[in-house]
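Scroll down for the structure; my scribbles are underneath it.
All figures in this text were calculated on a predicted structure; none of them were measured in a lab.
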Amino acid sequence: MREFFCHNVCIHAVNTCSECRSATREEALRQAPGKPIVLLNPAQVKVRSICAAAVAYTVTDVLIEWDEDTGYHLRWEASWLVRRAHVSPRPAPPALSIPAALS
């Protein structure tokens with residue numbers, strides 16, 4: 001699938017700023033393979049070994065975005081490759097117990 005990049009160099013921050021992300025996302029939505037439906041709350045998904053956020057979908061494809069060492073990535077993926085990631089809350093650290101002999 002085609003990956004979308006920020007065409008102009010982002011001078012706002014070290015990472016890609018929200019304005020550049022929005023422009024890239026709008027470009028991806030314009031080139032959607034069908035009529036895109038934008039998700040109000042991005043869903044955490046996994047595609048192959050990539051953990052990403054699904055931001056829109058069509059009948060056949062899902063638009064995913066993720067950050068990596070190489071920067072911001074945005075790409076349409078075939079829906080059969082995308083699986084919803086079950087994000088579980090972090091387990092609480094074990095409580096410290098002081099032995100009776102020391103107290």
Side-chain angles (χ1 to χ4, degrees):
M1 301 293 341
R2 180 167 179 226
E3 189 162 342
F4 297 88
F5 299 100
C6 187
H7 295 293
N8 49 353
V9 177
C10 181
I11 58 171
H12 303 107
V14 175
N15 295 329
T16 308
C17 71
S18 61
E19 292 175 14
C20 293
R21 286 176 187 243
S22 295
T24 307
R25 197 176 297 128
E26 290 298 321
E27 177 66 23
L29 290 172
R30 274 194 294 278
Q31 296 185 23
K35 184 174 180 173
I37 298 170
V38 178
L39 298 174
L40 295 177
N41 296 321
Q44 294 301 314
V45 295
K46 189 165 187 172
V47 181
R48 296 181 201 95
S49 64
I50 302 169
C51 292
V55 294
Y57 66 94
T58 66
V59 173
T60 58
D61 296 275
V62 179
L63 181 63
I64 62 168
E65 68 178 1
W66 72 98
D67 283 306
E68 209 171 58
D69 294 339
T70 57
Y72 173 71
H73 298 272
L74 185 69
R75 175 168 61 197
W76 285 102
E77 285 284 350
S79 60
W80 64 272
L81 292 172
V82 180
R83 298 286 177 249
R84 189 171 187 122
H86 299 287
V87 181
S88 59
R90 288 180 121 180
L96 290 175
S97 59
I98 300 173
L102 296 176
S103 50

Q) With sequence neighbours left out, which residue pairs that include part of residues 36-59 fulfil the salt bridge (Lys or Arg N to Asp or Glu O under 4.0 Å) condition? A) R48-E77
Q) If every non-hydrogen atom of V38 is compared with every non-hydrogen atom of L29, which pair is closest and at what distance? A) CG2-CD1, 4.0 Å
Just list the side-chain donor-acceptor pairs under 3.5 Å for residues 51-60, sequence neighbours left out, or say none.
unit_1, atom_1, unit_2, atom_2, d
T58, OG1, T60, N, 3.3
T58, OG1, D61, N, 3.0
T58, OG1, D61, O, 3.4

Q. So, for W76 and P36, which heavy atoms are closest and what is the spacing to 0.1 Å?
A. CH2-CB, 4.2 Å
Q.
With heavy-atom distances below 4.5 Å as the criterion, would you say the side chains of V62 and V45 are in contact?
A. no
Q.
Give me the atom names and distance for the closest heavy-atom approach of E65 to L74.
A. CB-CD1, 3.5 Å
**Q.** For R30, side-chain contact (heavy atoms from CB on, under 4.5 Å) partners two or more places apart
**A.** E26, E27
Q: Taking all heavy atoms of L40 and all of P42, pick out the closest pair and write down the distance.
A: O-CD, 3.7 Å
Q: Hey, could you give me the CG/NE2 distance between D67 and H73, rounded to the nearest 0.5 Å?
A: 8.0 Å
